[in-house]
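These notes are about the structure you will find just below.
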2 protein chains.
Amino acid sequence: MNIGSAAKASGVSAKMIRYYEEIALLPAAKRTASGYRDYGQSDVHRLQFIHRARDLGFSVERIRLLLQLWNDRKRPSREVKSIATAHIAEVEDQIRRMQGLLKTLRHLADACDGDGRPHCPILEDLAEQGRAH
Amino acid sequence: MNIGSAAKASGVSAKMIRYYEEIALLPAAKRTASGYRDYGQSDVHRLQFIHRARDLGFSVERIRLLLQLWNDRKRPSREVKSIATAHIAEVEDQIRRMQGLLKTLRHLADACDGDGRPHCPILEDLAEQGRAH
DNA sequence: CATAGACCTTCCCATCATTGGAAGGTCAAG
DNA sequence: CTTGACCTTCCAATGATGGGAAGGTCTATG
């Protein structure tokens, strides 16, 4: 299986497969006589794991840890859960931060008539130094 | 006022002030005889505007537009509002996407005992190819 | 068997906003 | 006059990804 087929089978682009190999998230692939990378079923499985974890927003570094635990059949589930929990906390933080922004932004947008006249509370707010608002 | 004072007064780091000048978000600053950048009150005001807009999550390119409108005393508020509205929509999208992630992540974390035993639904889910779940 | 075109390889560059640091010049207080 | 805190420019790195060039390989068809 060459890199293109592995990409199709796993949902990870060929570009990213090479990148993951470079940063040692994947072991260096076997090569054919002509130098093409050669993948097997277990490589695809690993790539699918990575793909799904990326979809869930895990960073590459956290995926590195998850892969190690995945390959360690005696890992305590505690360790996996703590990685997931840390990730959840970060996502929650980001959401909270953005909801704070949204509140302010909606407030400003609501106050702006959005018509042909120049008066605009949005610009006024940006200009008047950083009231918490 | 040198760049350090302007940074303190505006909340934008000296590094970023130079960068904003480089990308023409700011006009090139006047220079003293020895080559130091020299800022006045209106420069600081503009920097404060940028600072506040960045805090609200506006991209540099949108801030570029906002600054143009800010400097145009005859702009229609409609144009300002549409920039803000586009930004709001993007933030809302991101929040929705992350809330979707959270739901899945919490589900997985809840299913994992997080104890000393190896059984772990989180890893199982990542390994079993991308069910929507 | 030759050729086309769809692959593959490596290498470099760009993104976005920001920070870090090196090497060297300037300013102000002691 | 020295010291230390500034300033200057230039280069590099971040994280994950995509784009593209230059060149080699594979395969199907004429």
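Convention: sequence-line order gives letters A, B, ...; per-chain numbering from 1.
Taking atom CD1 on B:I3 and atom P on C:dT19, their separation rounds to 13 Å, with Å as the unit. In this structure, B:Y39 places its OH atom 14 Å from C1' of D:dC6, rounding to the nearest Å. Per the geometry, CD1 belonging to B:I50 stands 10 Å off P belonging to C:dT18, to the nearest Å. The CG atom of A:D38 sits 12 Å away from the P atom of C:dC8 (whole-angstrom rounding). When the C1' atom of C:dC16 is taken as reference, atom CZ of B:F58 falls 17 Å away, rounded to whole Å. The separation between B:Q94 atom CD and C:dC16 atom C1' is 13 Å, rounded to whole Å.
Applying the 4.0 Å criterion to OP1 and OP2 of C:dT10, one finds that A:R31 has a side-chain N or O inside that range. In this model, the phosphate group of D:dC7 is approached by a side-chain N or O of B:N2 to a distance below 4.0 Å at OP1 or OP2.
In this structure, CG in B:L67 is found 8.0 Å from CG in B:L26, a value given to the nearest 0.5 Å.
For the side-chain contact (heavy atoms from CB on, under 4.5 Å) test, residues two or more places apart in sequence or in another chain that qualify with A:T85 are A:K81. Residues satisfying the side-chain contact (heavy atoms from CB on, under 4.5 Å) criterion with A:D72, sequence neighbours excluded, are A:K74, A:R75. In this structure, the side-chain contact (heavy atoms from CB on, under 4.5 Å) partners of B:S34, at least two apart in sequence or on a different chain, are B:T32, B:Y36. Every residue two or more places apart in sequence or in another chain that forms a side chain to side chain donor-acceptor pair (under 3.5 Å) with A:R106 is listed here: B:E92.
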May I have the list of side-chain donor-acceptor pairs in residues 14-25 of chain A shorter than 3.5 Å, sequence neighbours left out?
unit_1: A:E21; atom_1: OE1; unit_2: A:R37; atom_2: NE; d: 2.9

Taking distance alone, no hydrogens or angles, what donor-acceptor pairs closer than 3.5 Å link side-chain atoms of residues 93-100 of chain A to residues at least two apart or in another chain?
unit_1: A:D93; atom_1: OD1; unit_2: A:R96; atom_2: NH2; d: 2.8

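Heavy-atom distances under 4.0 Å link DNA chain C to B:K15, B:M16, B:Y19, B:Y20 of residues 15-27 of chain B, given in residue order.
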Report, as a single string ordered 5' to 3', how protein heavy atoms within less than 4.0 Å touch nucleotides 23-30 of chain C: B base, S sugar-phosphate only, - not at all. --BBS---

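Proximity note for B:R37 (side chain, C-beta onward) versus C:dA17, D:dT9, C:dC7: the nearest is D:dT9.
Among residue pairs with one or both ends in residues 46-73 of chain A, those qualifying as ring-ring contact (aromatic ring centres under 6.0 Å, His included) are A:H45-A:W70, A:F49-A:W70, A:F58-A:H87; sequence neighbours excluded.
Heavy-atom neighbours of A:R31 CZ from other residues, nucleotides or ligands within 6.0 Å: above the threshold of 12.
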